[in-house]
Amino acid sequence: MQIAHDILLRSYRSMRTIRDFEERLHVEFATGEIPGFVHLYCGEEASAVGVCAHLSDTDTIASTHRGHGHCIAKGVGVEGMMAEIYGRKTGVCHGKGGSMHIADLSLGMLGANGIVGGGPPLICGAALSHKVLKDGGVAVAFYGDGASNEGTTLESLNLAMVWQLPAVFVCEDNGYGEATGASYACAGTQKARAAGFGMPYFDCDGTDFFAVHEAAGQAIAHARAGHGPVMLHVHLARWYGHFEGDAMTYRANGEVARERSEHDCLQNFRKHVTETSLLDLSALDDIDSNVKDEIEAAVKAAKNAPLPEPADLQADVYVSY
Amino acid sequence: MSKKSFRQAINEALRQEMQRDPRVILMGEDIAGGQGGSAGVVDAWGGVLGVTKGLYTEFGAERVFDTPISEASYIGAAVGAAATGLRPVAELMFVDFVGSCLDQIMNQAAKFRYMFGGKARTPLVIRAMYGAGFNAAAQHSQALYPLFTHIPGLKVVVPSSPYEAKGLLIEAIRDDDPVIFLENKVMYDDEEEVPDEPYSIPFGEANLTREGDDVTIVAFGRMVNFANEAADRLGKDGISCTVIDPRTTSPLDSATILECVEDTGRLVIVDESSPRCNMATDVAALVAEQAFDALRAPIRQVVPPHTPVPFATVLEKLYLPDAARIESAVRSVMAYKKAKQDA
Ligand SMILES: Cc1ncc(C[n+]2csc(CCOP(=O)(O)OP(=O)(O)O)c2C)c(N)n1
Ligand SMILES: [Mg+2]
């Protein structure tokens with residue numbers, strides 16, 4: 001599939017933004033200034049971006065506890081996100097959600113989710129909305145290999161098939177649910193699970209933007225055309241701990257280092273576009289330096305932003321009460 | 001205006017709201033009824049409760065969805081659909097089944113608005129039947145409204161009659177927050193005059209079904225009927241009672257409860273849910289804290305024992321509050337004399 005120039009540039013920018021956002025959080029978290037849990041998406045950028053390259057604001061996604069990448073790929077601004085993670089009033093959720101609950105429904109971003117397996121049922125509902133309202137949208141559930149063992153996920157695969165929903169189930173398989181390997185926790189295969197529901201299955205190397213873009217394009221087109229739901233199984237690796245502060249004693253020596261050197265989606269992207277003369281590296285270097293400034297500004301703004309006020313405690317529990 | 005059953009009143013509310021607003025959709029197990037069966041019939045059942053009968057025929061497969069027996073996925077789908085532009089009414093059959101989908105209600109629907117900084121709207125109604133009295137035993141008889149009342153972000157409705165059910169359900173469907181609407185399964189065939197046209201009853205405004213000077217009785221759902229029965233009998237003996245039907249446990253019309261207790265000085269609370277951390281303890285705490293000086297006798301709670309709901313008829317009768325027990329509670333607060341008078 002030939003990818004348009006502007007999409008290539010935008011996608012590279014998204015991946016770079018996610019990378020820098022996460023790397024910076026890794027550093028800032030260590031200072032103790034960031035409250036709560038933070039789960040980083042480093043190493044997995046090509047998945048969110050390769051999938052979201054096929055989506056617009058009328059399409060819906062549901063994310064996970066590891067949600068920063070999905071948010072950025074779906075267009076949520078880094079300034080509002082950073083402020084949210086710092087628990088500031090200027091955050092996208094006014095400091096009341098935090099890292100695990102960033103959402104922007106106006107962009108079709110139905111939220112990161114603190115509950116493993118929380119997203120797939122919601123995505124059945126969003127897909128139902130697209131179908132009933134006939135707006136041409138598709139709904140995409142990102143979920144991990146760990147979440148693939150939740151009953152909610154398995155029920156949702158069935159429900160989506162029964163209702164023939166325009167839904168895409170993106171299983172981001174990084175090989176671990178917290179400290180437990182997928183090789184231990186997932187019986188059978190994702191492919192066989194999809195087949196068990198009669199659902200078309202696609203898979204791809206999640207560290208290769210072009211592979212994700214290609215597979216996601218086919219998967220999403222299938223759902224968008226009204227042919228029913230699909231599963232997209234993305235193979236990838238996470239570079240940091242399950243959450244910040246995790247020493248990853250359950251991972252073999254050298255595993256992460258190898259992933260970083262051999263499966264860096266950004267390096268691979270640069271290599272690919274140079275080899276195929278798709279883009280000029282200088283354009284990518286410009287993006288790199290722009291993004292660097294943007295993240296710097298976002299962190300600065302977040303640190304200086306006002307905290308929520310006492311009155312915010314009781315605001316927005318209900319629309320009316 | 002004509003006589004309608006509790007079931008018909010709910011069906012009519014659903015039909016009229018679906019006619020008014022194309023975004024209102026229904027989903028639940030067997031609610032379209034008979035899909036995929038060998039007889040090729042649709043709309044055979046209208047749900048196991050018969051409440052949605054005829055709606056599939058009227059509104060079709062685009063508005064009325066049968067679901068697999070997958071509470072987590074379809075209640076979750078109702079939440080997701082509500083957050084993205086539809087106004088789903090999902091039927092959870094027995095409220096006891098909430099164990100299979102509590103996350104979707106408690107951690108998703110209830111939390112979206114707050115957690116997302118006021119940007120989400122989740123106009124969802126979950127209907128379910130509750131209550132003992134049908135020999136349905138421990139897993140099909142609970143009155144779980146306190147469980148939902150406990151969760152900020154949810155609104156909880158317990159209608160006490162067909163008239164109330166229609167008006168409160170219409171309000172629930174038009175409301176922009178997630179609403180749990182609980183129907184007492186023993187009441188489906190209860191009948192009363194119900195207006196044919198649509199009307200709504202606001203949440204958080206209690207209804208006084210009896211007014212009197214001596215004792216305030218606060219009762220929930222089906223218990224309102226028992227409280228009325230007890231009040232009428234007591235009236236013949238010269239004891240006059242106010243009966244409050246709060247209609248919704250969240251929001252709760254605490255102002256009306258406090259006002260009535262200020263007037264009568266005595267309070268009996270009737271609640272068919274399990275006695276620990278239920279509506280009776282909630283109302284008792286409210287009054288003890290805010291109307292202590294008005295009380296002329298201890299607050300009395302007429303509630304079941306702290307046990308699962310039993311199966312055998314004799315035991316279930318013992319379990320459930322009834323008019324006789326309310327009557328004796330009222331008599332006991334009337335007879336109460338302070339042991340130690342003020343010095
Ligand atoms: C219902 C539920 N169970 C457990 C947890 C704790 N938990 C948070 S993330 C996680 C691992 C999820 O693994 P996976 O789905 O593979 O996603 P990954 O972290 O690898 O991105 C667990 C067990 C939770 N948040 N929710
Ligand atoms: Mg994982």
Side-chain angles (χ1 to χ4, degrees), chain A residues 60 62 84 89 91-98 100-106 108 110-111 113-115 117-133 135 137 139 141 150-163 165 308 312 315-321, chain B residues 22-23 25 27 35-36 61-63 65-86 88 90 100-101 103-104 106-124 151-155 175-178 202-204 250-251:
Chain A
T60 313
E84 186 61 35
K89 193 176 168 77
V92 274
C93 304
H94 306 317
K96 290 162 83 171
M100 273 195 292
H101 304 301
I102 296 175
D104 190 337
L105 281 96
S106 66
L110 201 43
N113 212 309
I115 305 296
L122 299 173
I123 273 314
C124 287
L128 185 68
S129 287
H130 292 308
K131 188 172 174 167
V132 171
L133 299 171
D135 60 12
E150 287 282 4
T152 50
T153 304
L154 295 161
E155 281 191 25
S156 297
L157 297 177
N158 184 62
L159 183 67
M161 280 303 289
V162 170
W163 283 352
L165 295 173
D312 293 326
D316 292 325
V317 180
Y318 295 91
V319 176
S320 62
Y321 196 65
Chain B
R23 293 169 305 164
I25 60 157
M27 60 174 81
Q35 299 225 56
E62 303 244 296
R63 307 274 304 276
F65 298 90
D66 263 340
T67 69
I69 306 164
S70 310
E71 290 76 14
S73 67
Y74 84 78
I75 294 295
V79 177
T84 54
L86 296 177
S100 298
C101 55
D103 179 66
Q104 285 64 42
M106 173 176 77
N107 286 323
Q108 312 295 339
K111 304 288 195 283
F112 280 178
R113 188 162 182 83
Y114 192 79
M115 196 162 78
F116 299 161
K119 289 187 204 158
R121 255 167 219 267
T122 313
L124 161 74
I151 300 170
L154 299 179
K155 293 175 178 172
D175 195 278
D176 278 336
D177 291 305
F203 290 170
S250 180

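Every heavy atom of this structure was used, including side-chain atoms; hydrogens, water molecules and symmetry mates were not. Throughout, a chain's letter reflects where its sequence line sits, starting with A, and its residues are numbered from 1.
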**Q** Check for a donor-acceptor pair, side chain of A:Ser129 on one end and backbone N or O of B:Ala81 on the other, with a separation under 3.5 Å.
**A**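 Yes: the side chain of A:Ser129 pairs with the backbone of B:Ala81.
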**Q** Side chain, backbone, both or neither: which part of B:Ile151 has a heavy atom under 4.5 Å from chain A?
**A**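 Contact with chain A is through the backbone of B:Ile151 alone.
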**Q** Atom CG in A:Asp312, atom OH in B:Tyr114: separation rounded to 0.5 Å?
**A**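 Answer rounded to 0.5 Å: 8.0 Å.
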**Q** Side chain from CB out, backbone as N, CA, C, O: work out which of these in B:Phe203 comes under 4.5 Å of a heavy atom of chain A, or both, or neither.
**A**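 Contact with chain A involves no heavy atom of B:Phe203 at all.
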**Q** Against chain B, label A:Val317 side chain, backbone, both or neither, depending on which of its atoms sit under 4.5 Å from a heavy atom there.
**A**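 Both parts, backbone and side chain.
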**Q** Measure A:Ala315 against the heavy atoms of chain B and call it side chain, backbone, both or neither at under 4.5 Å.
**A**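 Looking at A:Ala315, just its backbone touches chain B.
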**Q** Under a 4.5 Å cut-off applied to non-hydrogen side-chain atoms, are A:Leu159 and B:Ser70 in contact?
**A**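 Not in contact.
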**Q** For chain B, which candidate among A:Ala126, A:Ala103, A:Gly97 shows the most heavy-atom pairs at distances under 4.5 Å?
**A**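 Answer, by heavy-atom pair count under 4.5 Å with chain B: A:Ala126.
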**Q** Measuring from A:Thr152:OG1 to B:Ile75:CD1, what's the distance to the nearest 0.5 Å?
**A**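 Result: 14.0 Å between the selected atoms.
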**Q** Would you give the length of the straight line joining atom CZ of B:Arg121 to atom CG of A:Leu105, rounded to the nearest 0.5 angstrom?
**A**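 Answer rounded to 0.5 Å: 11.5 Å.
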**Q** Measure distances from B:Ser250 to the heavy atoms of chain A and classify the residue's part below 4.5 Å as side chain, backbone, both or neither.
**A**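 Both backbone and side chain of B:Ser250 come within 4.5 Å of chain A.
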**Q** Is it the backbone or the side chain of B:Asp176 that comes under 4.5 Å from a heavy atom of chain A, or both, or neither?
**A**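 Interface part for B:Asp176: both.
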**Q** Rounded to the nearest 0.5 Å, what separates atom CG in B:Leu86 from atom NZ in A:Lys131?
**A**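 Those atoms lie 12.5 Å apart.
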**Q** Might you work through the side chain to side chain contact (heavy atoms under 4.5 Å, CB included) test for A:Tyr321 and B:Lys155, ending with a clear yes or no?
**A** CA-CA 8 Å; A:Tyr321 196 65; B:Lys155 293 175 178 172; 4.0 Å; yes
**Q** Verify side chain to side chain contact (heavy atoms under 4.5 Å, CB included) between B:Phe116 and A:Asp316, making sure each step is shown before the conclusion.
**A** CA-CA 9 Å; B:Phe116 299 161; A:Asp316 292 325; over 6 Å; no
**Q** Using heavy-atom distances under 4.5 Å, tell me whether B:Leu154 contacts chain A through its side chain, its backbone, both, or neither.
**A**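 Only the backbone of B:Leu154 comes within 4.5 Å of chain A.
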**Q** Quick check for you: among A:Ile102, A:Thr60, A:Asn113, A:Asp135, which has the greatest number of heavy-atom pairs under 4.5 Å with chain B?
**A**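 Heavy-atom pairs under 4.5 Å are most numerous for A:Asn113.
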**Q** Do you know which two heavy atoms are closest between A:Glu155 and B:Ala72, and how far apart they sit?
**A**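 Scanning both residues completely, I find the closest heavy atoms to be OE1-N, 3.3 Å.
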**Q** Side chain from CB out, backbone as N, CA, C, O: work out which of these in B:Lys111 comes under 4.5 Å of a heavy atom of chain A, or both, or neither.
**A**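 Neither the backbone nor the side chain of B:Lys111 comes within 4.5 Å of chain A.
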**Q** Looking only at heavy atoms and a cut-off of under 4.5 Å, which of B:Ala61, B:Gly153, B:Ala83 has the most pairs with chain A?
**A**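 Counting heavy-atom pairs under 4.5 Å, the top option is B:Gly153.
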**Q** Starting at CG of A:Leu122, measure out to OG1 of B:Thr122 and round the result to the nearest 0.5 Å.
**A**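 Rounded to the nearest 0.5 Å, the CG-OG1 separation comes to 9.5 Å.
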**Q** Measuring from A:Leu128:CG to B:Glu62:CD, what's the distance to the nearest 0.5 Å?
**A**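 If I round to the nearest 0.5 Å, the distance is 10.0 Å.
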**Q** Taking A:Val92's backbone N and O only, do any of them form a donor-acceptor pair with B:Lys119's side chain (distance below 3.5 Å, no angle check)?
**A**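 Yes.
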**Q** Most heavy-atom pairs under 4.5 angstrom with chain B, which of A:Leu133, A:Leu165, A:Val132, A:Ile115?
**A**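 Greatest number of close heavy-atom pairs with chain B: A:Ile115.
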**Q** Identify the two heavy atoms, one from A:Trp163 and one from B:Ala77, that lie closest to each other, and give their separation to 0.1 Å.
**A**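 For A:Trp163 versus B:Ala77, the nearest heavy atoms are CZ3-CB, 4.3 Å.
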